[in-house]
There are 2 protein chains.
Amino acid sequence: MTKKAALLKAAENKVRLGGYSNFSFRELANEIGIKSASVHYHFPTKADLGAELAHQYTDAFIAVLGEPEAHKANGKNPIDIYTQLFTNALVIDKKMCLCGLLGAQSDSLPNKVRDEVKRFFIKNLAWLTQAHKINGELNPERAAIKTVSLLEGAMMISNTLDDISYFEQAIF
Amino acid sequence: MTKKAALLKAAENKVRLGGYSNFSFRELANEIGIKSASVHYHFPTKADLGAELAHQYTDAFIAVLGEPEAHKANGKNPIDIYTQLFTNALVIDKKMCLCGLLGAQSDSLPNKVRDEVKRFFIKNLAWLTQAHKINGELNPERAAIKTVSLLEGAMMISNTLDDISYFEQAIF
DNA sequence: AATAACCTACCTACTGATAGGTAATTTATA
DNA sequence: TATAAATTACCTATCAGTAGGTAGGTTATT
């Protein structure tokens with residue numbers, strides 16, 4: 001793992017616990033064993049790091065999702081696949097969705113970070129709209145918004161109350 | 001309006017835009033025309049301010065909600081009343097739910113602040129469970145979690161994408 | 001030799017917090 | 001009722017710590 005990748009990984013963990021202001025160049029540098037000035041070599045500003053983090057997170061998320069049509073072809077409901085990915089984030093990582101947390105504090109983010117968070121939700125809504133369309137939903141756009149809203153909201157509340165059963169109840 | 005109330009109001013605005021770390025004693029002091037050291041007279045620590053803010057926010061929210069039974073008696077669906085309160089927060093204030101944002105960053109909050117955010121959701125779930133029970137829901141607890149999750153999630157996404165129509169689509 | 005990936009050393013700005021002081025008001029006592 | 005004590009609501013000045021960021025030098029790789 002390169003130092004740059006390690007920096008992004010360390011930042012992701014911190015952001016998913018407390019948001020954009022929950023990491024500093026010094027902390028990241030200490031964690032991976034370099035100096036804070038060296039972090040600026042990989043990321044000129046904190047906003048650059050935040051934007052790249054959200055961009056990679058989005059790409060990885062969408063890549064893992066695969067194509068809704070492929071899931072359908074395998075006899076699986078693509079919405080269940082999507083729900084399972086959210087469940088993993090909460091149950092395995094025991095952390096919030098990176099872009100869920102960043103989205104909540106969207107108004108205070110640097111522009112380039114906010115733009116990447118927007119991209120996450122645009123891509124997610126597009127995927128879910130397609131999935132619901134395949135499922136024969138009458139209003140796939142609306143169904144997509146409802147799906148991601150319910151999951152993000154349930155994730156936040158389960159995280160707050162420190163009890164996964166709230167999330168499980170919300171999605172079943 | 002007392003200075004203390006003005007401090008809480010100023011803090012609320014900032015927290016609802018960017019979370020717990022989005023306000024400082026100096027900023028609040030400047031805004032209401034006192035010195036930052038004087039803020040410590042009203043709130044010994046930042047955590048004390050944050051906790052009192054979340055506590056008051058919760059009390060005010062629950063007070064405005066009234067009793068589910070009273071709404072039902074007036075021929076109104078109490079869930080619609082609840083949904084309308086969330087809509088107002090987003091449309092009128094153009095800001096996130098205070099406890100929604102704090103809940104997302106729950107893991108990085110001081111204990112006494114986190115406890116108050118928990119209290120917000122416990123009280124909301126109790127109100128919604130009672131409302132759904134009155135409505136004859138078979139599983140009022142589950143319906144309550146689904147209601148608040150959908151609203152908090154839709155609020156966050158609409159705020160991120162800076163477009164209220166996402167929220168409107170999610171709740172109708 | 002050139003470039004990548006660090007380093008030391010530093011800066012300015014800001015953070016929450018504390019010490020100690022003051023004027024005005026309120027409460028308790030003689 | 002007059003005086004003393006206490007409280008309220010601020011102030012100035014300062015603290016140690018941390019923030020993101022920069023200039024310029026060093027080391028390692030190709």
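- Ring pair B:F120/B:Y57 is tilted by interplanar angle, where 30° to 60° counts as tilted.
- At least one cation-pi condition fails for A:K35 and A:Y41: the charged atom is not both under 6.0 angstrom from the six-membered ring centre and inside a 45 degree cone around its axis.
- Contacts of A:F23 with the nucleic acid, taken as non-hydrogen atoms under 4.0 Å apart, involve only primed sugar atoms and P, OP1 or OP2.
- Counting any heavy atom pair closer than 4.0 Å across all strands shown, A:S38 reaches a base atom.
- The nearest whole Å value for the distance from the CZ atom in B:R26 to the C1' atom in D:dG17 is 12 Å.
- Dense packing is recorded around NZ of B:K95, with more than 12 heavy atoms of other residues, nucleotides or ligands lying under 6.0 Å away.
- Taking atom CG of B:L7 as the reference point, atom C1' of D:dC10 lies 12 Å away to the nearest angstrom.
- We find that CG of A:L109 is positioned 14 Å from P of D:dG20, with the value rounded to whole Å.
- At the heavy-atom level, A:F25 lies under 4.0 Å from the strands shown only through sugar-phosphate atoms.
- Ring planes of A:F23 and A:F25: parallel class, angle under 30° (limits at 30 and 60°).
- With a 6.0 Å cutoff to the six-membered ring centre and a 45° limit on the axis angle, B:K46 counts as a cation-pi contact of B:Y20.
- Around NZ of B:K72, the count of heavy atoms belonging to other residues, nucleotides or ligands within 6.0 Å exceeds 12.
- Boundaries of the chain B contact region on DNA chain C are C:dT15 to C:dT18, first to last in 5' to 3' order (nucleotide atom under 4.0 Å from a heavy atom).
- Rounded to an integer number of Å, the gap from A:K35 NZ to D:dA19 P is 15 Å.
- In this structure, B:Y41 atom OH and D:dT12 atom C1' are separated by 18 Å, rounded to whole Å.
- Atom CD1 of B:I34 and atom C1' of D:dT12 are 14 Å apart (whole Å).
- In this structure, A:K4 satisfies the cation-pi test against A:F43, with its NZ or CZ atom closer than 6.0 Å to the six-membered ring centre and inside 45 degrees of the ring normal.
- Following rounding to the nearest Å, A:E27 (CD) and D:dG21 (C1') show an atom-to-atom distance of 17 Å.
- Here D:dT22 presents its P atom at 7 Å from NE2 of A:H40, a figure rounded to the nearest Å.
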